[in-house]
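What follows is a short report on a single structure.
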Amino acid sequence: MKKIDSFRDKGLRAKMVDRLIDRDIRDVRVLDAMKKVPRHFFLDSAFIEFAYKDNAFPIGCDQTISNPYTVAFQSELLSPKEGDKVLEIGTGSGYQAAILSKIGCRVYSIERHKDLYLTAKKNLLNLNLNVKLFYGDGYLGIPDHSPFDKIIVTAGTPKVPDQLKKQLIIGGILVIPVGIDTQNMMVILKTGLNDYELISEYKNFKFVPFLRKKQ
Ligand code: SAH
């Protein structure tokens, strides 16, 4: 069934973006992309009605689409620019990838659940967004396509995987939620071939776990 982006959807989305601004999101590229991308296209039909509430929602396979604030916050930390080559770990619904793609980033995204990978592919094609999707274990990054300007992880990991840091360019940044029950959002800058600097850290996020291996 063809999905429709109605005036009502657009209105609800503009309000969602106003709430993001009220809550301190400032990056105009991020705000503009979030105003344009129909979040309701990425949700199961049972939740479409709630697409513009500030909540995470189930997307199948026991996973969730992150709440809009978390997507905005992580995107802002990445300071995405047109042409940036970005790797996302944890495609899920494809929504975060869509936001980065709308900004003009060249997005590579990997997901370990086959069903989610397939649905995300459909969701992104539906919007004519050219995101390169991969099915597999993102713990290892995507070495064949590295290096990346930026890497974003959308699942909580107890430890920062070395392979991900290695796949950054020097000057590149990694945004990653680190922790077991709750996570701290870390922004790590690669300053030399084997040198990294934690440039900022924000407490108290709640992500689904970053797991190893495929299903
Ligand atoms: N960015 C997503 C949010 C998805 S939740 C969105 O916008 O909808 C996190 C996702 O990470 C889940 O889909 C989960 O299956 C995936 N994931 C967890 N561990 C992974 C791994 N090792 N490799 C790839 N994907 C992983």
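For ligands, and for the atoms within them, numbers begin at 1 and follow the listed sequence. The residues of the chain are indexed from 1 along the displayed sequence. Everything numeric in this text was worked out from a predicted model, so none of it was measured.
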For ligand 1, does [X] get within less than 4.0 Å through its side chain, its backbone, both, or neither, judged by non-hydrogen atoms?
X	answer
Arg112	both
His113	side chain
Asp137	both

So, is [X] polar-close to ligand 1, with some N/O to N/O distance under 3.5 Å?
X	answer
Thr64	no
Gly138	yes
Ser66	no
Ile59	no
Arg212	no
Leu116	no

[X] touching ligand 1 at heavy-atom level, < 4.0 angstrom:
X	answer
Thr91	yes
Gly136	yes
Pro209	yes

Query raised in the report: Between Met186 and Val208, is there a shared hydrophobic cluster once you connect ILVMFWY residues whose side-chain heavy atoms come closer than 4.5 Å?
Result: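 The answer is no; the residues belong to distinct hydrophobic clusters.
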Query raised in the report: If you group Ile, Leu, Val, Met, Phe, Trp and Tyr by side-chain heavy-atom gaps below 4.5 Å, do Ile21 and Tyr52 land in one group?
Result: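 Linked, Ile21 and Tyr52 end up in one cluster.
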Query raised in the report: Looking at residues at least two apart in the chain, or sitting in another chain, which of them share a salt bridge (charged side-chain N to carboxylate O under 4.0 Å, His left out) with Arg8?
Result: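 With sequence neighbours excluded, Arg8 shows a salt bridge (charged side-chain N to carboxylate O under 4.0 Å, His left out) to Glu49, given in chain and number order.
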Report task. Please name all residues satisfying salt bridge (charged side-chain N to carboxylate O under 4.0 Å, His left out) with Asp27, sequence neighbours left out, ordered by chain then number. Result ->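 Once residues adjacent in sequence are excluded, Asp27 has no partner under the salt bridge (charged side-chain N to carboxylate O under 4.0 Å, His left out) criterion.
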Query raised in the report: Could you walk me through whether Tyr69 and Asp24 pass the side chain to side chain donor-acceptor pair (under 3.5 Å) check?
Result: CA-CA 10 Å; Tyr69 181 75; Asp24 73 4; 2.9 Å; yes
Query raised in the report: Is it true that the side chains of Ser66 and Gln96 contain a donor and an acceptor less than 3.5 Å apart?
Result: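 Side-chain D/A pair, Ser66 to Gln96: absent.
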Query raised in the report: Near Ser93, which atoms of ligand 1 are under 4.0 Å from a heavy atom of that residue?
Result: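 Within the 4.0 Å cut-off of Ser93, ligand 1 contributes 6 (C), 7 (O), 8 (O).
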Requested in this report: Give the C-alpha distance, both sets of side-chain angles, the deciding distance and a yes or no for side chain to side chain donor-acceptor pair (under 3.5 Å) between Arg212 and Tyr139.
Outcome: CA-CA 7 Å; Arg212 294 302 318 275; Tyr139 205 87; 5.6 Å; no
**Report entry** Tyr95 ring center within less than 6.0 Å of Phe41 ring center
**Finding:**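 No, the ring centres sit 6.0 Å or more apart.
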Query - Tyr117 side chain reached by Phe134 side chain, heavy atoms, under 4.5 Å - result: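 No; the side chains remain at least 4.5 Å from each other.
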